[in-house]
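Given the structure is predicted, the values throughout are model-derived calculations rather than measurements. Indexing begins at 1, ligand by ligand and atom by atom, following the structure's order.
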Amino acid sequence: MSRYQAALLGLGLLFMLLLYVGLPATPEQNSWVWRDPNVTVLAGLTLGNSPIFYREALPLHRARRAEVVLLHGKAFNSHTWEQLGTLQLLSQRGYRAVALDLPGFGNSAPSKETNTEAGRAELLERVLRELKVQNAVLVSPSLSGRYALPFLMQGHHQLHGFVPIAPTSTRNYTQEQFWALKTPTLILYGELDHTMGQESLRQLRHLPNHSVVKLHNAGHACYLHQPKDFHLVLLDFLDHLP
Ligand SMILES: *[C@@H]1O[C@H](CO)[C@@H](O)[C@H](O)[C@H]1NC(C)=O
Ligand SMILES: *[C@@H]1O[C@H](CO)[C@@H](O)[C@H](O)[C@H]1NC(C)=O
Ligand SMILES: *[C@@H]1O[C@H](CO)[C@@H](O)[C@H](O)[C@H]1NC(C)=O
């Protein structure tokens with residue numbers, strides 16, 4: 001071996017040693033780099049070609065099966081789920097979590113497409129397809145029932161789970177229509193929600209595979225009033241999905 005080759009070999013060994021020492025240690029189970037949920041635009045999602053905005057927190061551990069799609073009520077938007085910590089929590093637990101701005105809310109422009117039941121179902125279907133959501137668990141509070149219920153009726157085979165939170169529009173469907181759906185469902189409502197909570201429960205309990213959780217000391221937006229309980233119950237449901 002020439003002196004030149006020996007020097008090269010020495011350099012190589014030194015380099016490997018530096019590389020080894022410089023490598024970060026394997027991260028502890030409970031330490032992770034937190035990435036904030038961010039806003040991304042999906043171009044051309046409504047029929048009017050205007051984009052639908054969403055916030056997504058990418059799972060930090062290996063993604064589990066259920067992918068949670070969060071809709072919102074009339075006074076809210078996708079940011080609500082970030083403020084409440086829901087996006088972050090789901091992501092920490094390894095679930096993919098996406099929150100949408102429905103048309104006419106947050107950053108999403110209104111769309112004529114949403115005037116019809118079929119249009120609203122179609123819109124959700126397109127969003128799931130664009131986002132490549134495979135095992136959607138749809139969380140639908142209040143007004144978002146306008147989207148979620150029509151979608152459930154025609155697209156239930158695409159749903160891995162359903163979490164209605166006192167949604168609107170349940171009255172539009174018959175008992176028999178609910179009976180026919182196998183989707184695992186967690187019905188959530190607030191103890192103090194005597195109108196929408198009760199009304200939707202009367203219809204939703206015809207879904208054959210459901211459980212009901214009434215959040216104590218909480219009104220219509222029960223997830224805002226009792227976020228800790230809401231998160232516990234939601235995670236428990238997700239953890240037990242097949
Ligand atoms: C924002 O989200 C997009 C899509 O989920 C992802 O590709 C991108 O890396 C994220 N950006 C940051 C800064 O986390
Ligand atoms: C419920 O029915 C009413 C009246 O037929 C209709 O205007 C409304 O769009 C329906 N809602 C849903 C979610 O389909
Ligand atoms: C009912 O839903 C639960 C999850 O909540 C699931 O584990 C179970 O397999 C479902 N049962 C049927 C018969 O689909």
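- Remark: the Arg55 side chain and the Ser78 side chain contain an N/O donor-acceptor pair separated by less than 3.5 Å.
- Tested against Ser142 for a side-chain hydrogen bond (donor to acceptor under 3.5 Å, both in side chains), the candidates His72, His220, Lys74 yield a single pass: His220.
- Arg129 CZ: more than 12 foreign heavy atoms inside a 6.0 Å radius.
- Side chain to side chain, Asp239 and Tyr95 meet the donor-acceptor criterion of an N or O pair below 3.5 Å.
- Note: Tyr223 and Phe76 have perpendicular aromatic rings, judged against thresholds of 30 and 60 degrees for the angle between ring planes.
- Checked against side chain to side chain donor-acceptor pair (under 3.5 Å), Gln226 has no partners two or more places apart in sequence or in another chain.
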Tabulating one pair per line, provide the atom names and distances (0.1 Å) for every N/O atom of ligand 3 that is less than 3.5 Å from a protein N/O atom.
{"from": "ligand 3", "atom 1": "2 (O)", "to": "Asn209", "atom 2": "OD1", "distance (Å)": "3.2"}
{"from": "ligand 3", "atom 1": "2 (O)", "to": "Asn209", "atom 2": "ND2", "distance (Å)": "2.4"}
{"from": "ligand 3", "atom 1": "11 (N)", "to": "Asn209", "atom 2": "ND2", "distance (Å)": "2.8"}
{"from": "ligand 3", "atom 1": "14 (O)", "to": "Asn209", "atom 2": "ND2", "distance (Å)": "3.4"}

